[in-house]
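For reference, the structure discussed in these notes is given below.
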Amino acid sequence: KYNRRINANTPILITGEAKGDDALKTATDPKGELVFGTLNNCGCGKTPWGTYLTCEENFDDFFGSKDSKFMPSKSFERYGIKAKGGVYAWHLFDDRFDIKATPNEANRFGWVVEIDPFDPKSMPKKRTSLGRFKHENCEVVVDKFDNVVAYSGDDENNEFVYKFIAKNKFDRTNLKANLDILEFGTLYVAKFEGEFGEFKGRLKWIELTFGKNGLTKENGFISQADILIRAREAASFVGATPMDRCEWISKDPNSEFLYATFTNNKVRQEVDAANPRAKNKYGQILRWVPKNGDHANGDFAWEIFILAGNPKIKDGLYKGSNNINLNNMFNSPDGLAFDKDGRLWIATDGSYSNTGDYEDMGNNQLLCADPYSGEVKRFATGPRACELTGIAFSDDYKTMFISVQHPGEELKGSHWPEGGSHTPKSAVVMITKDDGGIIGA
C-alpha cells in the first residue's frame with residue numbers, strides 16, 4: 001500500500017523562503033508554488049521524524065536550448081547550464097527544459113525534496129530554505145538542545161559545504177509536529193580555517209541571510225529567495241572555502257562528529273589546509289565537531305581523517321595518510337554511512353584503471369573504518385567500471401544492502417551479475433553473514 005513511483009512528472013510543492021518568488025514562476029505555474037518532477041536524484045537522508053530526503057544533483061544535464069546561439073545567464077553558467085545542453089538533451093523534446101523557451105524552469109531544480117513514505121497520498125515538497133546547488137546527500141542531526149540541523153555538500157569542483165538550522169526546535173513528544181520543520185530556517189556555508197600541513201583547524205559557518213555579510217541589493221542580491229536560488233554565488237561572495245567535491249556526510253551515532261567524503265578535484269590549483277593537494281586525484285575524508293555538542297553554535301573544529309592515496313608509487317601527500325597501506329588503498333571516496341555500533345562504511349566512485357596513478361588500486365570498493373583508531377579494511381570489491389553506493393542496513397544490522405551502478409563510465413562494463421554473454425546490469429546486493437550475525441562485527 002505504500003508503493004509509488006515519484007518521477008519527472010510528479011507534482012511537487014515548493015516550500016520555504018523561495019516559494020512564490022518570481023524566478024520560480026512559469027507559464028504553467030504562475031504562482032511559483034508547484035513543480036513537476038524531481039531530477040537526477042543522488043544520495044538521501046532519513047529524518048528523525050520518519051520522512052525521506054532525496055537530493056537533486058546534476059540537474060543541468062537535462063537543460064539546454066534549441067537555439068545554439070542563446071547566451072545563458074552568468075547564474076546558469078555557474079550551475080553548468082549551457083545552450084548546447086547536457087547529456088540527456090531533454091530540451092530537444094520538451095520546451096520545459098529549453099532555457100530560452102522556459103527560462104525559470106532550471107531554477108526549480110537543485111533542491112532537497114522531502115517525501116513522506118508512510119503517507120502515499122501526500123505530495124513531496126522541495127525545501128528551498130536548504131539552498132539550491134548539486135546536493136549529494138543530506139544528513140539531519142537533532143542535537144541535545146533540540147536544534148534540527150541539516151548538513152549537505154555541493155558535488156562539484158571548488159564548491160562548498162552547507163549547514164541549515166531549522167527555525168523551530170524538535171518536538172520529541174509528537175514526531176508528526178516536525179513534518180514541516182525544514183520549511184524555514186537559516187542557511188550557512190563553511191569556511192575551513194587552519195595552517196597548511198596541520199590537517200586540522202577551526203570551522204567557521206558564515207550566514208547566508210539577506211542583509212548580512214554583504215548579501216545586499218548593492219552587491220547584487222535582491223532577496224532571501226535570490227540568495228537561496230543562487231546559493232553558489234552567495235557562498236563565493238562571503239568567502240567560503242572551495243572544496244574537493246563534497247559527497248556524502250554522515251554523523252557518528254556515538255559522538256558529535258560528522259564525517260564527509262571529498263572525492264577528488266582534478267582541477268584544483270590553489271591548496272589550503274582542508275584541501276592540501278593540487279590536482280587531487282585521490283580524495284579525502286574530513287570530520288568536524290561542534291563545541292559542547294551544540295550544532296547551532298558557530299564554534300566547530302575540523303580535521304582530516306583519511307587522506308586517500310597510493311603508497312606503492314607515490315611519496316609525500318599523494319601516498320595518503322598513515323592509515324592507508326597497500327592492502328586498503330583506494331581513491332575517490334563517495335558513499336558514507338555509520339552502522340549502530342559506530343563502524344564507518346566507505347564506498348568509492350573513482351578510477352578502476354589500475355594503471356598510472358591508480359596502479360594496483362583495483363575496482364571501486366566498499367571499506368570499513370574505525371573512527372577511533374583510524375584503521376581501514378577493504379570489505380567488498382565491485383565489478384569493473386561500476387560505482388558502489390547506497391549503503392543501507394536492516395534494523396537489526398544483520399543484513400547490508402549495497403547498490404552497484406553498472407555499466408559505468410563510457411558504458412564500459414563486465415557481464416555482472418548474470419555472467420556469460422549477458423548485458424551488465426545495475427542491481428542491489430544483499431549481504432548476510434553465514435552465522436547470522438551483525439555485518440562488520
Side-chain angles (χ1 to χ4, degrees), residues 1-21 24-26 28-57 59 62 96 104-142 146-152 162 164-187 225 228-229 249 390 392-395 401 403 428:
K1 65 181 179 180
Y2 297 123
N3 191 28
R4 58 172 166 161
R5 181 180 291 273
I6 295 170
N7 57 35
N9 285 316
T10 302
I12 299 177
L13 292 172
I14 299 174
T15 74
E17 295 285 355
K19 176 182 177 181
D21 188 77
L24 298 184
K25 295 177 181 178
T26 65
T28 56
D29 176 28
K31 293 184 178 181
E33 297 178 354
L34 184 71
V35 178
F36 286 105
T38 181
L39 299 173
N40 232 63
N41 306 81
C42 192
C44 60
K46 180 183 178 182
T47 69
W49 48 94
T51 60
Y52 178 89
L53 304 178
T54 183
C55 298
E56 297 180 331
E57 192 192 12
F59 60 93
F62 297 83
R96 184 156 72 101
N104 283 349
E105 188 69 21
N107 293 331
R108 293 147 66 87
F109 295 90
W111 307 101
V112 173
V113 182
E114 186 167 12
I115 300 166
D116 186 350
F118 300 109
D119 183 3
K121 295 181 180 180
S122 64
M123 194 177 295
K125 298 176 180 179
K126 296 204 177 189
R127 299 303 193 185
T128 65
S129 294
L130 276 68
R132 174 175 166 268
F133 44 91
K134 294 183 180 180
H135 292 267
E136 177 75 14
N137 88 321
C138 187
E139 179 75 335
V140 178
V141 174
V142 176
D146 291 332
N147 297 306
V148 176
V149 182
Y151 294 90
S152 191
Y162 298 83
F164 166 85
I165 302 174
K167 178 181 178 181
N168 295 327
K169 297 279 188 174
F170 185 66
D171 188 338
R172 297 181 184 270
T173 62
N174 179 14
L175 292 184
K176 289 186 177 181
N178 303 295
L179 286 177
D180 286 316
I181 202 166
L182 297 181
E183 184 164 3
F184 295 109
T186 306
L187 187 66
L228 296 170
I229 293 168
I249 301 173
F393 297 90
S394 59
D395 287 343
F401 301 92
S403 297
V428 176

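Note that the coordinates shown come from a computational prediction; the quantities given were computed from them, not determined experimentally.
- The aromatic rings of Phe133 and Tyr162 sit parallel, their planes meeting at an angle under 30°, below the 60° perpendicular limit.
- The salt bridge (charged side-chain N to carboxylate O under 4.0 Å, His left out) check on Glu114 picks up Arg127, with sequence neighbours excluded.
- Around CG of Asn174, the count of heavy atoms belonging to other residues, nucleotides or ligands within 6.0 Å exceeds 12.
- The list of salt bridge (charged side-chain N to carboxylate O under 4.0 Å, His left out) pairs with a residue in residues 128-142, not counting sequence neighbours, reads Asp60-Lys134, Lys134-Glu156.
- Between Ile12 and Lys126, the shortest heavy-atom distance links the atoms CG2-CG, 3.5 Å.
- Within a 6.0 Å radius of NZ in Lys169, more than 12 heavy atoms belonging to other residues, nucleotides or ligands are found.
- The shortest distance between side-chain heavy atoms of Val140 and Phe170 does not fall below 4.5 Å.
- The shortest side-chain heavy-atom distance between Phe59 and Thr38 does not fall under the 4.5 Å cut-off.
- When side chains are defined from C-beta on, Val148 does not count as touching Ile165, because their heavy atoms never get closer than 4.5 Å.
- Taken to the nearest 0.5 Å, the CD1 atom of Ile14 stands 5.0 Å off from the CG atom of Leu24.
- To the nearest 0.5 Å, atoms CG (Leu187) and OG (Ser129) are separated by 8.5 Å.
- A donor-acceptor pair is defined here as one N or O able to donate and one able to accept, closer than 3.5 Å; such a pair exists between the side chain of Asn104 and the backbone of Lys25.
- Contact detail for Phe109 and Gly37: the closest heavy-atom pair is CE2-O, 3.3 Å.
- The side chain to side chain donor-acceptor pair (under 3.5 Å) test with Lys125 singles out one residue from Thr51, Asp180, Asp116, and that residue is Asp180.
- Note that the OG1 atom of Thr15 and the CG atom of Leu130 stand 9.0 Å from one another [nearest 0.5 Å].
- Dense packing is recorded around CZ of Phe401, with more than 12 heavy atoms of other residues, nucleotides or ligands lying under 6.0 Å away.
- The CG atom of Leu182 sits 6.0 Å away from atom CG of Leu53, with the distance rounded to the nearest 0.5 Å.
- Residue Pro124 comes nearest to Pro11 through the heavy atom pair CD-O, 3.8 Å, listed as atom of the first residue, atom of the second, then distance.
- Counting only residues at least two apart or in different chains, salt bridge (charged side-chain N to carboxylate O under 4.0 Å, His left out) contacts with residues 3-18 are absent.
- Residues Ala225 and Asp21 come closest through the heavy atom pair CB-OD1, 3.4 Å.
- For Asp29 and Thr26, the side-chain atoms include no donor-acceptor pair closer than 3.5 Å.
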